[in-house]
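Whatever order the structure lists ligands and atoms in, that order sets their numbers, starting from 1. Computed from a predicted model, the values in this text were never measured in an experiment. All residue numbers refer to positions in the sequence shown, counting from 1.
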Amino acid sequence: MKCALVTGGSRGIGKAVCIKMAAMGYYVLVNYKSNVTEAENTLAAIKAQGGDGALLQFDVSDKQQIQDVLGNWIETNTDSYIEVLVNNAGIKEDALMSWMEDAQWDNVLRTNLDSFFYVTRLVLKSMMPQRYGRIVNVVSLSGLKGLPGQTNYSAAKAGVIGATKALAQEVARQNITVNAVAPGFIKTDMIEGIEEKDIQKLVPARRFGQPEEVAHAVGFLASPEAAYITGQVLSVNGGLYS
Ligand code: NAP
């Protein structure tokens, strides 16, 4: 069975990506941290369109949980293979750097950057022998441009962009591509409190993006036809400077 693992699949962009992966014919492993109700809603949406999948709960910022839950899933499901990995789970904890607390730095780096390393290394071990795979990392405009109040988040996302480019060169011979999608302002819980009318004028497209518009870009990079595209960052931001 060919699977797509989407971290942070319970809400927002991850949920839209799960639905996209199901439409592409994948059995979808929907990862989430704590919101089981929303994760079940994602799975129900997958099933409603004729797809299938399962929930896989672990905290991507915890390398032991990744090993225990994901490692165990890989070991016990020997007839299944994760062909597509979408590293999407992420958080932000904004503060000006002079006021930023240790925990704000650590949480954001662990959830957005360390997670890439621990999840991808584990999945790669089974992807490499198959000599085929697609890895898509959800980064951010903030990691390309840098945004004030987000030194932690910008550093984490820029770190993932660097890792994307390096890993792409390591695994290209195994027909595994590694790319990133960099959203601008997308209507999800993450940007709750940011008023569209306040930001609108900064965005050439004059609106926030929809999660499905990011999922479309992820689906493109995850498709077999995108075999010769690797190490790239595709912005989905309505024309914002990047
Ligand atoms: P969201 O609506 O806040 O959803 C976050 C998702 O990540 C949820 O499914 C959440 O699970 C999961 N998650 C958070 N921490 C986790 C952890 N430690 N372990 C496992 N899962 C975890 O966020 P979003 O806007 O869809 O963001 C998705 C990605 O896009 C993130 O990487 C974010 O940085 C990036 N991004 C978003 C925007 C934007 O404007 N929205 C812009 C640029 C980049 P629970 O439901 O269990 O909490």
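Distances from ligand 1 to the non-hydrogen atoms of Thr7 include no value under 4.0 Å. Under a 4.0 angstrom heavy-atom cut-off, Gln57 registers as lying outside contact with ligand 1.
Considering both main-chain and side-chain atoms, Tyr32 never comes within under 3.5 Å of ligand 1 through any nitrogen or oxygen pair.
Of all atoms in ligand 1, numbered sequentially from 1 with element shown, those under 4.0 Å from a heavy atom of Phe185 are 40 (O). If you number the atoms of ligand 1 from 1 as listed, the ones under 4.0 Å from a heavy atom of Gly12 come out as 2 (O), 26 (O). Less than 4.0 angstrom separates some heavy atom of Phe58 from each of these atoms of ligand 1: 19 (N), 20 (C). Atoms of ligand 1 lying under 4.0 Å from at least one heavy atom of Asn31, given by number and element, are 20 (C), 21 (N). Ligand 1 places these atoms under 4.0 Å from at least one heavy atom of Gly8: 6 (C), 7 (O), 9 (O), 12 (C). Atom numbering of ligand 1 starts at 1 in the shown order; those under 4.0 Å from a heavy atom of Val138 are 29 (C), 30 (O), 32 (O), 35 (C). Within the listing of ligand 1, atoms 26 (O), 30 (O), 37 (C) sit less than 4.0 angstrom from a heavy atom of Ile13. Of all atoms in ligand 1, numbered sequentially from 1 with element shown, those under 4.0 Å from a heavy atom of Val139 are 35 (C), 36 (N), 43 (C), 44 (C).
Closest protein heavy atom to atom 48 (O) of ligand 1: Arg11 NH2, 2.8 Å. For atom 36 (N) of ligand 1, the nearest protein heavy atom (residue, atom name, distance) is Tyr153 OH, 3.5 Å. For atom 15 (N) of ligand 1, the nearest non-hydrogen atom of the protein is Ile91 CG2, 3.8 Å. In this structure, atom 11 (O) of ligand 1 lies nearest to the protein heavy atom Ser10 OG, 3.2 Å. Atom 13 (N) of ligand 1 has its closest protein heavy atom at Ala89 CB, 3.9 Å. Counting protein heavy atoms only, atom 24 (P) of ligand 1 is closest to Thr188 OG1, 3.6 Å.
Checking side-chain atoms of Arg134 against main-chain N and O of Ser223 turns up a donor-acceptor pair under 3.5 Å. Side-chain atoms of Gln174 never come within 3.5 Å of backbone atoms of Arg131 as a donor-acceptor pair (strictly under, hydrogens ignored).
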Below 3.5 Å, can you tabulate the donor-acceptor pairs from side chains in residues 163-172 to any protein atom, sequence neighbours excluded?
residue: Thr164; atom: OG1; partner: Asn137; partner atom: ND2; Å: 2.9
residue: Thr164; atom: OG1; partner: Val160; partner atom: O; Å: 2.7
residue: Gln169; atom: NE2; partner: Lys165; partner atom: O; Å: 3.0

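Considering Asn88, Val119, Thr42, Val60 only, the shortest heavy-atom separation from atom 19 (N) of ligand 1 involves Val60. With Asp59, Ile186, Leu141 as candidates, the residue nearest to atom 18 (N) of ligand 1 on a non-hydrogen basis is Asp59. With atom 5 (C) of ligand 1 as the reference point, the heavy atom nearest to it among Gly90, Ala39, Ala182 is part of Gly90. Across the listed options Met190, Lys33, Arg110, Met190 owns the non-hydrogen atom lying nearest to atom 23 (O) of ligand 1. Scanning Ser140, Pro211, Gly184, Ser34 for the heavy atom closest to atom 42 (C) of ligand 1 points to Gly184.
Side-chain atoms of Asp114 and Lys63, non-hydrogen and from C-beta on, never get closer than 4.5 Å to each other. Side-chain contact between Lys187 and Glu196 is present, with at least one heavy-atom pair separated by less than 4.5 Å. Taking 4.5 Å as the limit, every side-chain heavy atom of Ser115 sits out of range of all side-chain heavy atoms of Thr7. Side chains of Gln232 and Leu221 form no contact here, defined as non-hydrogen atoms less than 4.5 Å apart. Residues Asn31 and Leu70 fail the side-chain proximity criterion, which asks for heavy atoms closer than 4.5 Å.
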Original post:
Can you check side chain to side chain contact (heavy atoms under 4.5 Å, CB included) on Val181 and Val86, steps first, answer last?
Top reply: CA-CA 10 Å; Val181 167; Val86 183; over 6 Å; no
**OP:** Could you give me the CA-CA distance, side-chain angles and deciding distance for Met24 and Val84, then say whether side chain to side chain contact (heavy atoms under 4.5 Å, CB included) is met?
**Re:** CA-CA 11 Å; Met24 288 169 71; Val84 176; over 6 Å; no
**OP:** Quick one: do Val218 and Met21 satisfy side chain to side chain contact (heavy atoms under 4.5 Å, CB included)? Show the steps, please.
**Re:** CA-CA 9 Å; Val218 173; Met21 290 299 125; 4.1 Å; yes
**OP:** Go through the steps for Gln210 and Ile186 under the test side chain to side chain contact (heavy atoms under 4.5 Å, CB included), then give the verdict.
**Re:** CA-CA 5 Å; Gln210 296 295 334; Ile186 309 298; 5.7 Å; no
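Within the 4.0 Å heavy-atom criterion, neither part of Phe208 lies near ligand 1. Heavy atoms of Lys187 found under 4.0 angstrom from ligand 1: none, in either backbone or side chain. When heavy-atom distances to ligand 1 are checked against a 4.0 Å cut-off, Ile191 comes that close only through its side chain, counted from C-beta outward.
A donor-acceptor contact under 3.5 angstrom links the side chains of Ser154 and Ser142, judged on distance only.
Leu202 and Pro204 make their closest contact through O-CD, 3.4 Å (heavy atoms, listed as atom of the first residue, atom of the second, distance).
Here Glu83 pairs with Lys2 in a salt bridge; the nearest charged N to carboxylate O distance falls below 4.0 Å.
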